[in-house]
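One structure below.
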Amino acid sequence: MKSFFAPLKFADKFTLFFVLLLGGLSLLMLESTVYDNGFVMDRVVWVQAVAYIIGFIALVTVLHFDYTIFMGFSKPLYIASIVILLSVYIPGLGIEQYGSRAWINLGVTTLQPSEFVKILFILLMANYLSVHREEIKKFRGVLLAGLYALPIIAIVLKEDLGSALVYMIVWLFMVFFAGIDYKILFKSIVAALASLPVIYNFLGEYQKQRIEAFLHPDNINLPGNYQVWQSKVAIGSGGLWGKGLFNGTQKELNFIPVQQSDFIFSVVVEELGFIGGLAVILLYAGLLFRFVKVIRNALDLYGALIAVGFTAMFLFQIFENIAMTMGLMPVTGITLPLLSGGGTSVIASLISIGVVLNIGINSKPIRF
């Protein structure tokens, strides 16, 4: 067993430290949501703990392989990505939760396939862009890169708007880093904005309601607006130092919606105050800074693009989640990485971090 964990001695210790702190805080805040005059080992807490254990084992497993091994499996990985995403439509397997048919029922728990396909999508785009780097400098090359990603993004968009936004942002960051011409980038963004009305017509009614609610924040009768208002009350009432751990009143009275996942940041700030919220943001900033270091030191474009993809993924999810709790972004159901309750998200996040650590290790002269 000792040899299994041997690669950890070459991994970036700061990244592992930030992950450990976020994991501990996650379990603490989830316990706070079920605290009842004493500690309660609620299902959400032990599922999160088990997810961290499984995710950490997966992270270490990833460190045993050279990340370039994925380059030779692009075609099967592409097909697998689509098959995995479409699995939610298999009768008896796929289920609808939180207004989206984006989950599969495994009996003892549920799983969101798009969380794991994000990893495959980043690996696929990194390989495609590294091979077609020169073509990306022309508009036709960007268009082809978009068509390559389109089937996967379209399926995710049909299932869940929030996840689709993450895929789009990841694609944009990776194409930009691959060396797209600024004029072409501008034209691409204009074209994308012009297509928004068309995309809007393909959205589900639930997704359209979320957008309408964001555009009319004062109308608390629109779905989600009352919950966001309660979230802002919780954040504002936390003050500088918060009401104290386990003492959040908005949380205790269940005014904070989906407080164990989507709005976990509201719980943190209500109980730990502005200082607690700032500490969480600084932990994420530290984690992303270590990712950027991996990008700068990567041995090849393929590795750098993978790290860029995961950096973009974490950055957007962190920004979107925290901003939506304050009413600054639409409520999309995007969870706060490593902090929100949810086994699928935790395991996928830890695997992603494992891949980034792998690239960092392989940029050093030491090999194992």
Item to check | Working for salt bridge (charged side-chain N to carboxylate O under 4.0 Å, His left out), residues Arg140 and Glu135 | outcome: CA-CA 7 Å; Arg140 180 177 180 275; Glu135 300 173 27; 5.1 Å; no
Item to check | Trace of the side-chain contact (heavy atoms from CB on, under 4.5 Å) decision for Val292 with Arg296 | outcome: CA-CA 6 Å; Val292 171; Arg296 294 177 61 183; 4.2 Å; yes
Next on the checklist: If you apply the rule side-chain contact (heavy atoms from CB on, under 4.5 Å), what do you find for Val355 with Ile122, and how did you get there?
Outcome noted: CA-CA 11 Å; Val355 177; Ile122 290 171; over 6 Å; no
Checklist entry - Between Gln112 and Ser163, is a side-chain contact (heavy atoms from CB on, under 4.5 Å) present by the stated rule, with each step listed? => result CA-CA 10 Å; Gln112 188 174 10; Ser163 295; 3.7 Å; yes
Checklist entry - Which is it for Lys251 and Glu270 under the salt bridge (charged side-chain N to carboxylate O under 4.0 Å, His left out) test, yes or no, and what are the steps along the way? => result CA-CA 8 Å; Lys251 173 213 70 180; Glu270 182 187 22; over 6 Å; no
Checklist entry - Checking side-chain contact (heavy atoms from CB on, under 4.5 Å) for the pair Leu272/Met29: CA distance, chi angles, key distance, verdict? => result CA-CA 10 Å; Leu272 304 181; Met29 298 315 301; 4.2 Å; yes
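In this structure, a donor-acceptor pair under 3.5 Å is absent between the side chains of Ser266 and Gln250. A donor-acceptor contact closer than 3.5 angstrom is absent between the side chains of Glu159 and Ser114. Judged purely by distance below 3.5 Å, without hydrogens or angles, the side chains of Gln230 and Tyr226 pair a donor atom with an acceptor atom. For the 3.5 Å distance criterion, the side chains of Gln259 and Thr33 fail to qualify, holding no donor opposite an acceptor.
The main-chain N or O of Phe4 is found under 3.5 Å from a side-chain atom of His64 such that the two form a donor-acceptor pair. A donor-acceptor pair is defined here as one N or O able to donate and one able to accept, closer than 3.5 Å; no such pair exists between the side chain of Ser26 and the backbone of Leu22. Between the side chain of Tyr52 and the backbone N or O of Gly24 there is no donor-acceptor pair closer than 3.5 Å. Between the side chain of Gln48 and the backbone N or O of Ser340, at least one donor-acceptor pair lies under 3.5 Å. Proximity of a side-chain donor or acceptor of Asn358 to a complementary backbone N or O of Gly354 within less than 3.5 Å is not detected. One N or O on the side chain of Asp300 and one on the backbone of Gly303 form a donor-acceptor pair closer than 3.5 Å. No side-chain donor-acceptor contact under 3.5 Å links Tyr67 to the backbone of Tyr302. With Ser231 contributing its side chain and Gln227 its backbone, the two residues share no donor-acceptor pair below 3.5 Å.
Hydrophobic cluster membership differs between Leu21 and Ile275, with clusters built from Ile, Leu, Val, Met, Phe, Trp and Tyr side chains linked at under 4.5 angstrom. Tracing side-chain contacts under 4.5 Å through hydrophobic residues (I, L, V, M, F, W, Y), one reaches Leu86 starting from Ile119; they form part of the same cluster. In this structure, Phe121 is a member of the same hydrophobic cluster as Ile69, with clusters built from ILVMFWY side-chain heavy atoms closer than 4.5 Å. By the criterion of side-chain heavy atoms lying less than 4.5 angstrom apart, applied directly or through intervening Ile, Leu, Val, Met, Phe, Trp or Tyr residues, Trp241 is not grouped with Val269; the two fall into different hydrophobic clusters. Under the 4.5 Å side-chain heavy-atom criterion for Ile, Leu, Val, Met, Phe, Trp and Tyr, Ile235 and Leu240 are members of distinct hydrophobic clusters.
The closest side-chain heavy-atom distance from Ile155 to Val117 is not below 4.5 Å. In this structure the side chain of Leu129 never reaches within 4.5 angstrom of the side chain of Phe177, judged on heavy atoms. Using a 4.5 Å heavy-atom threshold, the side chains of Met329 and Asn321 count as separate. Residues Val19 and Leu59 have side chains not in contact (no heavy-atom distance under 4.5 Å, counting atoms from C-beta outward). You'll find the side chain of Ile104 stays beyond 4.5 Å of the side chain of Thr110, heavy atoms only. With contacts defined as side-chain heavy-atom distances shorter than 4.5 Å, the pair Ile152/Tyr78 qualifies. Taking 4.5 Å as the limit, every side-chain heavy atom of Ile318 sits out of range of all side-chain heavy atoms of Ile281. Side-chain contact between Tyr167 and Leu157 is absent, with no heavy atoms from C-beta onward closer than 4.5 Å.
A pairwise comparison of heavy atoms in Ala58 and Ile351 identifies CB-CG1, 3.7 Å as the closest pair. Among all heavy-atom pairs drawn from Leu16 and Ala11, the shortest one is CD1-CB, 4.1 Å. Smallest separation of non-hydrogen atoms from Ala145 and Trp171: O-NE1, 3.2 Å. Smallest separation of non-hydrogen atoms from Pro151 and Ile82: CB-CD1, 4.3 Å. When all heavy atoms of Ser363 and Leu299 are compared, the pair lying nearest together is CA-CG, 3.7 Å. Closest approach of Met324 to Gly333, counting heavy atoms only: SD-N, 4.3 Å.
Counting heavy atoms of neighbouring residues, nucleotides and ligands inside a 6.0 Å radius, atom CZ of Phe319 does not exceed 12 of them. When the shell of 6.0 Å around OH of Tyr89 is examined, it contains more than 12 heavy atoms from other residues, nucleotides or ligands. Shown here is Phe173, whose CZ atom has no more than 12 heavy atoms of other residues, nucleotides or ligands within 6.0 Å. Atom OH of Tyr148 has more than 12 heavy atoms from other residues, nucleotides or ligands within 6.0 Å. Under a cut-off of 6.0 angstrom, the local environment of NZ in Lys232 is crowded, with over 12 non-hydrogen atoms contributed by other residues, nucleotides or ligands. Counting heavy atoms of neighbouring residues, nucleotides and ligands inside a 6.0 Å radius, atom CZ of Phe246 exceeds 12 of them. Heavy atoms of other residues, nucleotides or ligands lying less than 6.0 angstrom from NZ of Lys138 number 12 at most.
Here the CD1-CD1 distance, from Ile79 to Ile84, works out to 12.0 Å after rounding to the nearest 0.5 Å. The distance from the CZ atom of Phe56 to the CD1 atom of Ile347 is 14.0 Å, given to the nearest 0.5 Å. The CD1 atom of Ile353 sits 13.5 Å away from the CZ atom of Arg290 when rounded to the nearest 0.5 Å.
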